[in-house]
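Okay, structure first, notes after.
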Amino acid sequence: MNKVADNRGWLLVLPVFLLVALSALIPLMTVVNYSVQDIFGPGSAYFVGTDWFTEVLHSERLQDSLIRQFLFSGAVLAIEIPLGIGIALMMPTGGKRASLVLILLAIPLLIPWNVVGTIWQIFARGDIGLFGSALTGLGIDYNYTRNTGDAWFTVLLMDVWHWTPLVALLCYSGLRAIPEAFYQAAEIDRASKWAIFRYIQLPKLQSVLVIAVLLRFMDSFMIYTEPFVLTGGGPGSSTTFLSQTLTTMAIGQFDIGRAAAFSLVYFLIVLAVSWVFFTAITHMDKQK
Amino acid sequence: MAEITLKSLAHSYSPNPTGPEDYAIREMDHVWHKGGAYALLGPSGCGKSTMLNIISGLVRPSDGDILFDGKRVNELSPTERNIAQVFQFPVIYDSMTVYENLAFPLKNAGKSKEQIKKKVAEVAAILELEPVLSKKAKGLTADEKQKISMGRGLVRDDVSAILFDEPLTVIDPQLKWKLRRKLKQIHEQFDLTMVYVTHDQLEASTFADKIAVMYGGVIVQFGTPRELFESPNHTFVGYFIGSPGMNLVEVSRCDGGVCFDDMVVPLSDELLKHIDNKGSKNLKIGIRPEFVNVVDQPADDTYECQVRDVEDLGTYKIIALKLGNQILKVRVDEDHQLNGDVVHVGFPRQWLKLYVDEFLIEEQAE
């Protein structure tokens, strides 16, 4: 077959190129543009090269909030993934009870972020909140607006309440996809409950767990609204995570150049960590 | 190893069965003897898988008892019954190597490392899995995976029985034959009780010493492949076994024998007495295509037929003949020549079978 070289063929990809350009490339390049200039006002912008990046990477405030961010995401994954798997394993497998549990689980996922923040802001108050006053009533010294530990505890609990159902639902769907024959074979092979989990359920859940880990990492790493409403980043800056620091910088201080450089670094961190997770999990079984 | 007895066993999947049509297995008594190689043959939905799952303990029968060596085991789990079972589609443990897969049942049974190693090596050799032992089971082909599934059943030599639920469905034809031979060898070598479910008569007859044919939740015949072929005791067995199946013609009682269209088939007085005693209108005669005599010249006991179709299958021919309004299939040698469109057929007495209400009626042997 003779191939006819006709460069007009490239025109056919133009619509896609335009779409990607408008949706991703142009906004991103604007940020890149800001990140290498010092802008004082319309018409008075100066090229500063990588100065903003150097400054951002050396800023103690940002380093601190980056560490807090990693701690938070780490804790979220460490709690929500095992808990989600556990809930999925305990859920009924069919019938009306299964539907009921599914609906109950899905409710937190449907609540808007700032409403979740508000709910917990009131729920955890020591004077009028059901949860807060119950703890106080038990004689526990609990106050999330004053005590750093309590603030972290409350923010984590809120995130676990809000997002563990997502992990549980993903795992539940993964578990339902395992053919009955696997359980029958395991019964015939005299496998213990633990062995069934370790050698059948967990390996079969691998692909949904990749999705769950990635989603929960990315979302928790970019968390903004809920802790902002609940603690406002306090006490002090103990629950101020990356996106809140960024917003304060960009909107509050109108520090466009620094904020743009920071945004790019932020974006690259999310991208890099997601890539590491994805590669690690998908290559786990290729080793050996 | 155990003798497995089904006593007045019946099973319904519905909690409140109202009639026989609600039963996947209708009440039956049956014995699977120690060390036998059996096939359970039947069409889809006849209850053969249900029967297998009842034997293994994955399904509890709704009525009757199941006994292992005379002991009632209805409530025992597959583990307690010590049953091995191989399923239709390969079940492997993805994250384990082939070796670990084969060792898994032994490990769960608490066997020592040396015992496991020895037994796995033995089974791997039989199934020719040695080259892949250290590989992950996940990346293997469907038939290698199914060999692993079988291997997990075979490593346990102390089992009461090994049950196979259409294990060769996913296997290539050439390999199917090889694996069937292997199973047969294994049966001879280890002297295990094996029950093999299939809907393929060839598979059943190469594997088993005795075949149970199931139809509509009932075992309609239990016998050697030869018995099933030569004297099927239910019209379904006649039709299901053999290729093509038995010719079955609906007939009615008439003077001196039975009739269809305007032909009379004479029968012995003894058989006619049976028919009259039963008083049933559901009468059929059957003859295997292999046993019909095809001749060129008419004789007293032959019938004239039109040749409708000749199918040459290499080593033999299948001829479709029109006899009255019935189509009769006849199997003849490849070198059999037909002269013209008209032939004459005869039905040898010993191969002509009479069915009343679908069941075989025979003369008492003198």
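This is a predicted model, so every value here is computed, not measured. By convention in this document, chain letters (A, B, ...) are assigned in the order of the sequence lines, proteins followed by strands, and residues within each chain are numbered from 1.
Only the backbone of B:I92 has a heavy atom closer than 4.5 Å to any heavy atom of chain A. With a threshold of 4.5 angstrom between heavy atoms, B:R156 approaches chain A through side-chain atoms but not through N, CA, C or O. Looking at B:K135, neither its backbone nor its side chain comes within 4.5 Å of chain A, counting heavy atoms on both sides. Both the backbone and the side chain of B:N82 come within less than 4.5 Å of a heavy atom in chain A.
Residue A:Y199 holds its OH atom at 10.5 Å from CG of B:N101, rounded to the nearest 0.5 Å. Atom CD of residue B:E80 and atom CZ of residue A:R190 lie 9.5 Å apart, to the nearest 0.5 angstrom. Rounding to the nearest 0.5 angstrom, the gap separating the CZ atom in B:F87 from the CZ atom in A:F182 is 10.5 Å.
Environment of NZ in B:K182: crowded, with over 12 heavy atoms of neighbouring residues, nucleotides or ligands closer than 6.0 Å. Taking a 6.0 Å sphere around OH of B:Y13, one finds it holds more than 12 heavy atoms contributed by other residues, nucleotides or ligands.
Among A:K204, A:Q184, A:E187, the residue making the largest number of heavy-atom pairs under 4.5 Å with chain B is A:Q184.
Evaluation of the side-chain hydrogen bond (donor to acceptor under 3.5 Å, both in side chains) test over residues 74-87 of chain A, restricted to residues two or more places apart or in two chains, returns A:E80-A:R216. Applying the salt bridge (Lys or Arg N to Asp or Glu O under 4.0 Å) test to pairs two or more places apart or on separate chains, none has a residue in residues 88-110 of chain A.
Nearest approach of A:D189 to B:N108, heavy atoms of both residues: O-ND2, 2.9 Å. Across B:I83 and A:I188, no two heavy atoms sit closer than the pair O-CG2, 3.4 Å. Minimum heavy-atom separation, A:A195 to B:F104: CB-CZ, 3.9 Å. When all heavy atoms of A:A186 and B:Y93 are compared, the pair lying nearest together is CA-OH, 3.5 Å.
Proximity to chain B at a heavy-atom threshold of 4.5 Å picks out nothing from residues 150-176 of chain A. Residue-level contacts of residues 46-54 of chain B with chain A do not occur; threshold 4.5 Å between heavy atoms.
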